[in-house]
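Report on the structure given below.
Sequence lines set the chain letters: A, B, ... in the order given, protein chains first and strands last, and positions in each chain run from 1.
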Amino acid sequence: MILWWIGDIVLIVVVIPVVVLILQRVLQPALEIMHYADDITEHVVAFPSHLDALQDLGTTSQLIKEVNVDLERYARALDKLA
Amino acid sequence: MDDPAILTLVGVGIAVVAIATYLIIIAMILRRVVNRLVIILGGVGQSTQRSEPVGAVIEDINRDLDSGRATLEACVNRLVQRHGTPNGDLDVIPTAVGARRPMVRTGYSAASAAADEAISKRANLRRGNLSEPAVPDGAISDPPETRQAPSRERDDQGGDGTSTSGGRRWWNR
C-alpha cells in the first residue's frame, strides 16, 4: 500500500509534469511553423501582382524591333544625304 | 475502492487528457500548415509560370539593342570615313553605362565641347535643376568678410589687405 502511494505521488509530481513539458516542446515549434506559414502565405498571395509588368516585356521587345527598323532607315537616309 | 487506486486513476486520467489535448492542438496546427503550403505552392507555381519566358525576351531585347548600337556605330564610321574629321584629332569619351567598349569620338573640338555643355545644361533644366550654382564646382570663394570690408579699415592699410602695424591681416583683428 505504501508503494502504491509512492507510485501515485511520483505519477502526479514527476510523470505528468514531464509529459506536459515534452508536449509543450513539441507544440512550440509547431506554433512557430504555423506563424511562418501564415507570413509566407501573406507575401506569396501578394507576389504575383508584381509580375504583371512582365507582360509588357513583349511590347518592349516589339517596340525595340520597330526602333531598329527606323534606325536603319535613318542611317540609310543619312548615308544618302552625306 | 482504495484511496491509492482512485489517485492512480485520477493521475492517469490527467496524463491522458493532457496528451490528447496537445495532440489534437498539434494536429490542427499541422492541418493549417498543410493548407498554407498548398496555397504557397500554387503561388510559387504561378509565379514561375509567368516569369518563365522573361529570360528569352530579355535576350531578344539585348540582341536588338546591340544591333541598333552597331547600326549607329557603322553609320558614324561611314560618315567619318567620307568626310573626315574637322581637326583630325581623336578623343575618347568615357564609356557609357552598359557599353561594351569606350566610344570613340573623332574631331572633339572646342565647339563640340561647348555644344555638349549646352546640351547637358538644357538637360539639367529639363530635370528641374533650374538654378545654376552660384559658384562653379571646385572654385574656392573668398570669405564674406573680404568682400564687404569696412572702408575705414581698408583706408588704414596699404591697399593690399595687410595691416601696416603688427603684420596681421585686417579681417583677423
Side-chain angles (χ1 to χ4, degrees), chain A residues 1-13 15-20 22-24 26-27 29-34 36-48 50-52 54-55 57-58 60-72 74-76 78-79 81-82, chain B residues 2-12 14-16 18-19 21-23 25-30 32-44 46-47 49-54 56-69 71-76 78-79 82-83:
Chain A
M1 188 66 81
I2 292 173
L3 282 177
W4 203 342
W5 277 111
I6 292 171
D8 283 345
I9 290 168
V10 169
L11 176 71
I12 291 171
V13 175
V15 174
I16 292 177
V18 168
V19 166
V20 170
I22 291 171
L23 289 173
Q24 187 68 35
V26 174
L27 184 65
L31 281 170
E32 282 182 22
I33 290 170
M34 186 183 73
Y36 283 129
D38 288 348
D39 201 17
I40 293 170
T41 307
E42 189 182 325
H43 286 94
V44 163
V45 167
F47 185 67
H50 298 303
L51 297 176
D52 288 344
L54 289 180
Q55 291 173 351
L57 267 183
T60 307
S61 178
Q62 187 61 36
L63 286 173
I64 288 177
K65 280 187 188 2
E66 289 172 14
V67 166
N68 260 350
V69 171
D70 289 341
L71 204 62
E72 283 175 14
Y74 173 74
R76 277 201 300 271
L78 209 59
D79 280 344
L81 282 175
Chain B
D2 295 337
D3 287 345
I6 295 171
L7 198 59
T8 306
L9 278 177
V10 170
V12 170
I14 290 172
V16 167
I19 291 171
T21 308
Y22 273 95
L23 285 180
I25 292 171
I26 290 169
M28 287 169 65
I29 289 171
L30 287 179
R32 189 172 166 179
V33 168
V34 166
N35 287 336
R36 293 282 187 253
L37 285 178
V38 168
I39 294 172
I40 290 166
L41 193 63
V44 170
Q46 192 184 353
S47 300
Q49 199 177 358
R50 290 177 74 175
S51 61
E52 198 177 0
V54 167
V57 174
I58 286 179
E59 274 180 22
D60 203 22
I61 289 171
N62 282 341
R63 209 178 305 120
D64 288 339
L65 284 175
D66 209 20
S67 161
R69 189 185 58 82
T71 305
L72 270 181
E73 207 172 300
C75 180
V76 170
R78 278 197 303 272
L79 288 175
R82 274 186 211 164
H83 299 285

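- I58(B) touches chain A through its side chain: at least one heavy atom from C-beta onward sits under 4.5 Å away, while N, CA, C and O do not.
- Per-residue heavy-atom pair counts under 4.5 Å with chain A were compared for A18(B), S47(B), P53(B), A15(B), and the maximum is reached by S47(B).
- Considering all non-hydrogen atoms of both residues, I19(B) and L23(A) come closest at CA-CD1, 3.4 Å.
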- Item | Candidate pair F47(A) and V44(B), rule side chain to side chain contact (heavy atoms under 4.5 Å, CB included), full reasoning | CA-CA 9 Å; F47(A) 185 67; V44(B) 170; over 6 Å; no
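- Both the backbone and the side chain of R50(B) come within less than 4.5 Å of a heavy atom in chain A.
- Note on G58(A), A30(A), P48(A): by heavy-atom pairs under 4.5 Å with chain B, the leading option is P48(A).
- Heavy atoms of L51(A) lying under 4.5 Å from chain B belong to its backbone as well as its side chain.
- Crowding of E66(A) atom CD: a count of heavy atoms from other residues, nucleotides or ligands under 6.0 Å exceeding 12.
- Here G68(B) is the residue among G68(B), S51(B), G43(B), A74(B) with the most heavy-atom pairs under 4.5 Å with chain A.
- Between chain B and the options I9(A), L31(A), L63(A), the largest number of non-hydrogen pairs under 4.5 Å is found for L31(A).
- With a threshold of 4.5 angstrom between heavy atoms, D2(B) approaches chain A through side-chain atoms but not through N, CA, C or O.
- The structure places CG of L72(B) at 9.5 Å from CG of L78(A), a figure rounded to the nearest 0.5 Å.
- Both the backbone and the side chain of L27(A) have a heavy atom closer than 4.5 Å to some heavy atom of chain B.
- In this structure, the portion of Q55(A) lying under 4.5 Å from any heavy atom of chain B is its side chain and not its backbone.
- For the options L23(B), V10(B), V54(B), heavy-atom pairs under 4.5 Å to chain A are most numerous at V54(B).
- Between the side chain of R82(B) and the backbone N or O of D79(A), at least one donor-acceptor pair lies under 3.5 Å.
- No part of I22(A) comes within reach of chain B, as not one of its non-hydrogen atoms sits under 4.5 angstrom from that chain.
- Proximity to chain B is absent for every atom of V15(A), based on heavy atoms less than 4.5 angstrom apart.
- Two residues are said to be in side-chain contact when any heavy atoms from C-beta on lie closer than 4.5 Å; V44(A) and I39(B) fail this criterion.
- Looking at V19(A), only its side chain comes within 4.5 Å of chain B, counting heavy atoms on both sides.
- Using a 4.5 Å cut-off between heavy atoms, I12(A) contacts chain B through its side chain alone, with no backbone atom that close.
- Highest contact tally toward chain A, considering only I29(B), D3(B), V33(B), is held by I29(B) [criterion: heavy-atom pairs under 4.5 Å].
- Heavy atoms closer than 4.5 Å to chain A are found in the side chain of L79(B), but not in its backbone.
- When L37(B), N35(B), V57(B), T8(B) are compared by the number of non-hydrogen pairs under 4.5 Å with chain A, T8(B) comes out ahead.
- With a 4.5 Å cut-off on non-hydrogen atoms, L11(A) touches chain B through its side chain but not through its backbone.
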